[in-house]
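Here is the structure we will look at.
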Amino acid sequence: MIAPPELVLANVAEALRDDEIHVWRVHYRQALGRKPLRTVLAAYLDVSLERVALVDGEHGRPALDAFHDQSLGFNWSHSGDQALIAVGRHVAPGIDLERARPRQRSLEIARRFFSADEAAALAALPAAARDAAFLELWTAKEAVVKALGRGIAFGLDRFSVTSDAGQLRLRHLQGDDVDAWQLRRLELDAGLVAALAWRGDERRIRFGALASSE
């Protein structure tokens, strides 16, 4: 007998360790709103879906209401019919998911909003490789600003990310120690690009999937 997704989710949530971050992949529809997120959080909080209360931070990042366990940190991102939800204890993860598509102005956007060294690195690439490299940088930078609890208005030129052989690295972050940060590219299906960032020690990333959040 195959365990239903709800049971698998509960079992994995119960086993969440302090040195882990769990990443859940969920099929998503816009009409569901935050239900997929609240479904996952309910398992980690060991409460019913209806009891999960979320509040929006100053920059729009959702957080647990004060009466919930504040040791639990989370973040989520959705694109098209897919969503990713990151959950960890004593950590504030940032996660971003994007669907790959042709971009006509990737270099122009990078020169306007990214750091100078990121824009220069993109300009040095063959045109055919530029869109994929831009999207990898974009998701990494989004993950970092979300881990900071900020939005894009924080300034994407205030920090710099490099990608070498598929390995992401935070090279500079204004006012912070980059060695205190972790940045990971998440391997997904072709056509999807995702990154996970957090401030703190290295952690094991465990993946799970929910077939439906209806």
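Residues take their numbers from the sequence shown, with the count starting at 1.
Looking at heavy atoms from C-beta onward, S163 lies out of side-chain contact with R169 at the 4.5 angstrom threshold. Between D69 and L64, every side-chain heavy-atom pair lies at or beyond the 4.5 Å cut-off.
Atom CG in L148 sits 9.5 Å away from atom CZ in R61 (nearest 0.5 Å). For the atom pair F114 CZ and L122 CG, the distance stands at 7.0 Å (nearest 0.5 Å). Atom CG in D19 sits 10.0 Å away from atom CG in D201 (nearest 0.5 Å). Between the OG atom of S77 and the CG atom of L186 there is a distance of 10.5 Å, given to the nearest 0.5 Å. To the nearest 0.5 Å, atom OG of residue S79 and atom CD of residue E98 are 5.5 Å apart. With rounding to the nearest 0.5 angstrom, the CZ atom of F207 is 8.0 Å from the CG atom of L84.
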inquiry  = Evaluate L192 against L97 for side-chain contact (heavy atoms from CB on, under 4.5 Å), listing each step before the verdict.
reply    = CA-CA 7 Å; L192 293 174; L97 169 68; 4.2 Å; yes
R29 and D81: CA distance, side-chain angles, deciding distance, side-chain contact (heavy atoms from CB on, under 4.5 Å) verdict = CA-CA 6 Å; R29 290 187 297 107; D81 63 352; over 6 Å; no
message = Please evaluate residues R171 and V161 with respect to the criterion side-chain contact (heavy atoms from CB on, under 4.5 Å), reporting the C-alpha separation (whole Å), side-chain torsions for both, the decisive distance (0.1 Å), and the verdict.
response = CA-CA 6 Å; R171 287 190 57 197; V161 172; over 6 Å; no
query = Step by step, would you call R25 with Q82 a side chain to side chain donor-acceptor pair (under 3.5 Å)?
reply = CA-CA 7 Å; R25 183 171 174 178; Q82 299 291 316; 2.7 Å; yes
request  = Applying side-chain contact (heavy atoms from CB on, under 4.5 Å), run through E142 and T139 and close with a yes or a no.
outcome  = CA-CA 5 Å; E142 280 268 24; T139 54; 5.6 Å; no
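Pairing each heavy atom of S160 with each of L170, the nearest pair is O-CD1, 3.5 Å. Of all the heavy atoms in A100 and L135, the pair that sits closest is CA-CD2, 3.6 Å. Nearest heavy atom pair, residue A83 against residue Y28, reads CB-CB, 4.0 Å. Smallest separation of non-hydrogen atoms from P93 and G73: CD-C, 3.9 Å. In terms of heavy atoms, G33 sits closest to W76 at O-CH2, 3.2 Å.
Between D176 and R199, at least one side-chain N (NZ, or NE/NH1/NH2) sits under 4.0 Å from a carboxylate O, which counts as a salt bridge. The pair R203-D18 does not count as a salt bridge, with every side-chain nitrogen at least 4.0 angstrom from each carboxylate oxygen. Ion pairing between a basic and an acidic side chain is recognised when a charged N comes within 4.0 Å of a carboxylate O; R204 and E20 show such pairing. Between D56 and R34, at least one side-chain N (NZ, or NE/NH1/NH2) sits under 4.0 Å from a carboxylate O, which counts as a salt bridge.
Evaluation of the side-chain hydrogen bond (donor to acceptor under 3.5 Å, both in side chains) rule for E187 yields R185 as partners, not counting sequence neighbours.
Residue I95 is not grouped with residue W181 when hydrophobic side chains (ILVMFWY) are merged at heavy-atom distances under 4.5 angstrom, including chains of intermediate members. Hydrophobic clustering keeps L188 apart from V87 (ILVMFWY residues linked when any side-chain heavy atoms are closer than 4.5 Å, directly or through intermediates). Note on L9: it clusters hydrophobically with V12, by side-chain heavy-atom contacts below 4.5 Å among ILVMFWY residues. Under the 4.5 Å side-chain heavy-atom criterion for ILVMFWY residues, a single connected hydrophobic cluster contains both L72 and L37. Residues L156 and L183 share a single hydrophobic cluster, defined by chaining ILVMFWY side chains whose heavy atoms lie under 4.5 Å apart.
A 6.0 Å sphere centred on CG of D177 holds more than 12 heavy atoms belonging to other residues, nucleotides or ligands. Annotation for R17: atom CZ does not count as buried by contact number, only 12 or fewer foreign heavy atoms lying within 6.0 Å.
A donor-acceptor pair under 3.5 Å is absent between the side-chain atoms of E118 and the main chain of L137, judged by distance alone.
Residue pairs that meet the side chain to side chain donor-acceptor pair (under 3.5 Å) test with at least one member in residues 149-159, sequence neighbours left out, are H59-R150.
W138 has its ring centre no less than 6.0 Å from the ring centre of F113. The six-membered or imidazole ring of F159 lies away from that of H172, with a centre-to-centre distance of 6.0 Å or more.
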Please list, one pair per line, the donor and acceptor atoms closer than 3.5 Å that link side chains of residues 40-55 to other protein atoms, with sequence neighbours excluded.
| unit_1 | atom_1 | unit_2 | atom_2 | d |
| --- | --- | --- | --- | --- |
| Y44 | OH | H22 | ND1 | 2.7 |
| Y44 | OH | W24 | NE1 | 2.7 |

